[in-house]
Asker: 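Got a structure for you, questions after.
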Amino acid sequence: MSAFSLALLLVFLAAISPAVPPAHAGDEPLLLVSGNYEPYVIERGTRPGLLSEIVTRAFAEQGIRVEIRFYPWRRCAMMVETGEAFAAFPYARTDKRARYAWFSDVIWICRNVFFYMKGRMGEFDFTTLEALRPYLIAGTSGNYYEDVFREKGLTVDYAPGEASGVRKLWELRTALFAEDELVGRTLIARLFPARRDRFGWTPTPWNLNPQHLMVSKKYPGARELMGRFNAGLEAIRDSGAYDRIVESYLE
């Protein structure tokens with residue numbers, strides 16, 4: 001075989017051979033990123049968090065090991081956008097994020113409510129987001145609802161971490177705090193364990209928010225890996241492992 005023919009053969013083989021994701025090279029784990037978001041994702045604790053366990057278990061069903069690193073939410077999104085990380089979680093789908101990421105099957109549905117101090121607001125509820133324009137609301141920067149609240153004309157005081165919102169309520173610096181119900185209740189129990197009964201949250205959720213793995217379009221082999229995750233997620237739902245993990249965190 002001539003050198004020219006050999007070169008053509010090598011090019012052909014390279015073209016038809018599937019790319020091997022770097023996460024599988026040398027048995028290295030697949031990189032996922034997240035922010036501390038108790039009880040869903042826990043950076044330091046005796047357990048890793050409800051969604052961390054679900055995501056890890058779903059990948060394990062497919063024989064894939066993962067590593068979860070913690071960063072601020074904005075940096076997590078940036079790492080997905082650049083392809084530095086395979087995926088971030090838990091993330092809601094938005095049109096802006098869909099420009100640089102794919103979204104897995106739903107891993108959880110958050111119930112988004114507004115927290116408040118009962119002594120200040122009584123038994124508070126609302127009808128529409130527009131009705132909340134008179135109130136100062138605490139929010140978490142990098143969250144999907146930034147664009148939503150801006151469009152609705154709400155006044156929001158943003159901070160990098162969720163705990164700040166609970167403290168702002170307690171110090172009466174804001175009237176409301178936008179957060180997932182389970183996350184907010186977990187924060188209140190941790191920060192103000194003896195004063196939990198002073199906090200309330202709206203019985204009406206302003207959104208039921210599906211959560212996903214947000215998968216980088218620039219990460220090699222990302223579509224195949226996302227497909228394998230979805231298959232693993234379906235498997236643990238069918239086996240009952242998913243429900244058992246959830247129940248263990250809600251006890």
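Quantities reported herein were computed from a predicted structural model and do not represent experimental measurements.
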Asker: Check the pair L176 / L132 against side chain to side chain contact (heavy atoms under 4.5 Å, CB included), numbers first and verdict last.
Answerer: CA-CA 9 Å; L176 302 169; L132 301 179; 4.0 Å; yes
Asker: Taking all non-hydrogen atoms of both residues, which atom of A92 and which atom of N209 are closest, and how far apart?
Answerer: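 The answer is CB-OD1, 3.2 Å.
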Asker: Kindly indicate whether the side chain of F177, heavy atoms from C-beta on, has any atom under 4.5 Å from the side chain of F114.
Answerer: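 F177 vs F114: side chains apart.
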Asker: Evaluate the side-chain proximity of L31 to V66: yes if any heavy-atom separation is below 4.5 Å, no if none is.
Answerer: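 Heavy-atom side-chain distance check fails, nothing below 4.5 Å.
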Asker: Check whether any side-chain N or O of R228 sits under 3.5 Å from a backbone N or O of G63 as a donor-acceptor pair, and report yes or no.
Answerer: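 Flag not set: sc R228 to bb G63 has no pair under 3.5 Å.
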Asker: I'd like to know whether NZ of K118 has more than 12 heavy-atom contacts from other residues, nucleotides or ligands below 6.0 angstrom.
Answerer: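 More than 12 within 6.0 Å, yes.
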Asker: Write down the atom of A138, the atom of G165, and the distance for their closest heavy-atom approach.
Answerer: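 In this case the closest contact between A138 and G165 is CB-CA, 3.8 Å.
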Asker: Closer than 3.5 angstrom, by distance alone: can the side chain of N36 be matched with the main-chain N or O of E43 as a donor-acceptor pair?
Answerer: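 Checked: pair present.
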Asker: Is it the case that the side chain of S164 and the backbone of G161 share a donor-acceptor pair, with hydrogens and angles ignored and the cut-off at 3.5 Å?
Answerer: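 No; judged by distance alone, with no hydrogens or angles, the pair does not exist.
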Asker: Any pair with a residue in residues 186-202 that passes side-chain hydrogen bond (donor to acceptor under 3.5 Å, both in side chains), sequence neighbours left out, goes on the list, sorted by first then second residue, please.
Answerer: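 Only E181-W201 qualify under side-chain hydrogen bond (donor to acceptor under 3.5 Å, both in side chains).
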Asker: Output the distance between atom OG (S216) and atom CZ (F86), rounded to the nearest 0.5 Å.
Answerer: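 Here the rounded value is 9.0 Å.
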Asker: So L225 and Y219, side chain to side chain contact (heavy atoms under 4.5 Å, CB included) or not? Walk me through it.
Answerer: CA-CA 10 Å; L225 288 166; Y219 195 89; 4.1 Å; yes
Asker: Out of curiosity, L213 CG to N230 CG, how far, rounded to the nearest 0.5 Å?
Answerer: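 The CG atom of N230 is 8.0 Å from CG of L213, to the nearest 0.5 Å.
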Asker: Which atoms form the tightest heavy-atom contact between P90 and V41, and what is the distance?
Answerer: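 So the two residues come closest at CD-CG2, 3.9 Å.
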Asker: Is L208 linked to L250 within one hydrophobic cluster, defined over Ile, Leu, Val, Met, Phe, Trp and Tyr using a side-chain heavy-atom separation of less than 4.5 Å?
Answerer: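 Looking at the clustering, L250 is in a separate group from L208.
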Asker: Determine, using ring centers only, whether Y91 and Y144 are less than 6.0 Å apart.
Answerer: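 Y144 vs Y91: aromatic centres not under 6.0 Å.
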Asker: Given side chains that start at C-beta, do those of P160 and S141 come closer than 4.5 Å, heavy atoms only?
Answerer: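 When only atoms from C-beta onward are counted, S141 and P160 do touch, with a gap below 4.5 Å.
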Asker: Going through the checks in order, is the side chain to side chain contact (heavy atoms under 4.5 Å, CB included) test met by Q211 and F89?
Answerer: CA-CA 8 Å; Q211 301 294 305; F89 77 98; over 6 Å; no
Asker: Sub-3.5 Å donor-acceptor pair from the side chain of N112 to the main-chain atoms of E179, do we have one?
Answerer: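 Checked: no pair found.
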Asker: Between R97, R93, M214, M226, which is the residue that forms a side-chain contact (heavy atoms from CB on, under 4.5 Å) with W102?
Answerer: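 Only one of R97, R93, M214, M226 forms a side-chain contact (heavy atoms from CB on, under 4.5 Å) with W102, namely M226.
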Asker: Once you round to the nearest 0.5 Å, how far does CE of M117 lie from OG1 of T174?
Answerer: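 Output value for this atom pair is 10.0 Å.
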Asker: Quick check on E234: does its CD atom have over 12 non-hydrogen neighbours (other residues, nucleotides or ligands) under 6.0 Å away?
Answerer: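 Not buried by this count: 12 neighbours or fewer within 6.0 Å.
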Asker: Out of R167, R173, K168, which one pairs with D157 under the salt bridge (charged side-chain N to carboxylate O under 4.0 Å, His left out) rule?
Answerer: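 Exactly one candidate clears the test, K168.
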Asker: Enumerate donor-acceptor pairs with a distance under 3.5 Å from any side-chain N or O in residues 49-61 to protein atoms, sequence neighbours excluded.
Answerer:
{"unit_1": "S52", "atom_1": "OG", "unit_2": "P48", "atom_2": "O", "d": "3.3"}
{"unit_1": "E53", "atom_1": "OE2", "unit_2": "R47", "atom_2": "NE", "d": "3.2"}
{"unit_1": "E53", "atom_1": "OE2", "unit_2": "R47", "atom_2": "NH2", "d": "3.0"}
{"unit_1": "E53", "atom_1": "OE2", "unit_2": "Y249", "atom_2": "OH", "d": "2.6"}
{"unit_1": "T56", "atom_1": "OG1", "unit_2": "S52", "atom_2": "O", "d": "2.7"}

Asker: Tell me whether Y242 is reachable from I64 by hopping between hydrophobic residues (I, L, V, M, F, W, Y) whose side-chain heavy atoms are closer than 4.5 Å.
Answerer: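 Yes; Y242 is reachable from I64 via cluster members.
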Asker: Looking at F149 versus W206, is the centre-to-centre ring distance below 6.0 Å?
Answerer: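 They qualify: ring centres under 6.0 Å apart.
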Asker: Check this for me: M121, atom CE, are more than 12 non-hydrogen atoms of other residues, nucleotides or ligands nearer than 6.0 Å?
Answerer: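 Yes.
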Asker: Does any N or O in the side chain of T140 come within less than 3.5 Å of the main-chain N or O of N143, such that one atom is a donor and the other an acceptor?
Answerer: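 No; zero donor-acceptor contacts below 3.5 Å.
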Asker: Kindly give the heavy-atom pair with the smallest separation between P193 and L191, and that separation in Å.
Answerer: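 Closest pair (atom of P193, atom of L191, distance): CD-C, 3.4 Å.
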Asker: Would the distance check show the side chain of H212 and the main-chain N or O of S104 forming a donor-acceptor pair, the cut-off being under 3.5 Å?
Answerer: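 A pair under 3.5 Å: yes.
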Asker: For residues C110 and D180, report the shortest heavy-atom separation together with the two atoms involved.
Answerer: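 So the minimum-distance heavy-atom pair works out to CB-OD1, 3.3 Å.
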Asker: Please confirm whether the ring centroid of Y135 lies under 6.0 Å from the ring centroid of F124.
Answerer: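 They qualify: ring centres under 6.0 Å apart.
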Asker: Measuring only between side-chain heavy atoms, which start at C-beta, is L172 closer than 4.5 Å to R120?
Answerer: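 A side-chain contact exists here, since the closest heavy-atom pair is under 4.5 Å.
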Asker: If you look at every heavy atom in Y100 and A77, which pair is closest and at what distance?
Answerer: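 Looking at all heavy atoms of both residues, the closest pair is OH-CB, 3.7 Å.
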Asker: Enter the distance from E84:CD to T82:OG1 here, rounded to the nearest 0.5 Å.
Answerer: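 Answer rounded to 0.5 Å: 5.0 Å.
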Asker: Do L187 and E38 make a side-chain contact, defined as non-hydrogen atoms from C-beta onward lying under 4.5 Å apart?
Answerer: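 Counting from C-beta outward, L187 and E38 never come under 4.5 Å.
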Asker: For the aromatic rings, using the six-membered ring if either is Trp, is the centroid distance between F115 and F199 under 6.0 Å?
Answerer: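 Aromatic pair excluded; centres sit 6.0 Å or further apart.
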Asker: Is V33 reachable from M78 through a run of hydrophobic residues whose side-chain heavy atoms are each under 4.5 Å from the next?
Answerer: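 Per the 4.5 Å side-chain linkage, M78 and V33 are not co-clustered.
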Asker: Side chains of Y145 and N207: is there a donor and an acceptor less than 3.5 Å apart?
Answerer: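 Absent: no donor and acceptor within the cut-off.
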Asker: Can you tell whether the side chains of R74 and E146 come within less than 4.0 Å, N to carboxylate O?
Answerer: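 Result for this pair is yes, salt bridge flagged.
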Asker: Hey, does W73 have a side-chain heavy atom less than 4.5 Å from the side chain of S34?
Answerer: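 In short, these two side chains touch, coming nearer than 4.5 Å.
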Asker: In sequence, state the C-alpha distance, the side-chain angles, and the governing distance for I68 and F70, and then conclude on side chain to side chain contact (heavy atoms under 4.5 Å, CB included).
Answerer: CA-CA 7 Å; I68 301 172; F70 291 84; 4.0 Å; yes
Asker: Among the clusters formed by ILVMFWY side chains lying less than 4.5 Å apart, do Y40 and V246 turn up in the same one?
Answerer: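 Linked within one cluster.
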Asker: Do L154 and V113 share a hydrophobic cluster (ILVMFWY, side-chain heavy atoms under 4.5 Å, transitive)?
Answerer: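 L154 does not cluster with V113.
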